[in-house]
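Report on the following structure.
Treat the numbers as computed from the prediction; the structure is a model and nothing was measured.
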Amino acid sequence: MFEEIIKEIFMLCVYVLQVIGGKPGEFGHGYYLANLIIFVLLQPALIVLFFTLWRIEKKKNKSIEING
C-alpha cells in the first residue's frame, strides 16, 4: 500500500514536469524551462517565504515571553 502511494506521488510529479517541460523524453528548451522554474524561482521563493514566516513566529514568541 505504501509503495502504491509513493508510486502515485512520483507519477504525479512526472506529469507536472512533463506539463512544464514539454514532451516526455525530449530535453530541449522545455527541460531547461522546467529546471529554471523549479530551482531558480520556486525553491528560493519557498526558502524566503519559510524564513520570513519563521522570523515572524520567533518575534511573536519573544513578545509573549516578555509580556506574559
**Prompt:** Less than 4.0 Å between a side-chain N and a carboxylate O, is that true for Lys60 and Glu57?
**Reply:** yes
Mind checking whether Val48 and Phe39 sit in one hydrophobic cluster, side chains of I, L, V, M, F, W, Y counted as touching below 4.5 Å?
no
(message) According to a hydrophobic-cluster definition based on side-chain heavy atoms being under 4.5 Å apart (Ile, Leu, Val, Met, Phe, Trp, Tyr only), do Leu49 and Val40 belong together?
(response) no
In this structure, OG1 of Thr52 is separated from CD1 of Ile47 (nearest 0.5 Å) by 11.5 Å
Are Val16 and Ile37 connected in the hydrophobic side-chain network, where two residues link if heavy atoms are under 4.5 Å apart? yes
Separation between CG (Leu46) and CD1 (Ile38), nearest 0.5 Å, reads 11.5 Å
Next item on the list: Evaluate the side-chain proximity of Arg55 to Lys58: yes if any heavy-atom separation is below 4.5 Å, no if none is.
Entry: yes
Report task. May I ask whether Met1 and Ile9 are part of the same hydrophobic cluster, defined by side-chain heavy atoms of I, L, V, M, F, W, Y residues being less than 4.5 angstrom apart, directly or through others? Result -> yes
In this structure, CD1 of Ile5 is separated from CD of Glu3 (nearest 0.5 Å) by 10.5 Å
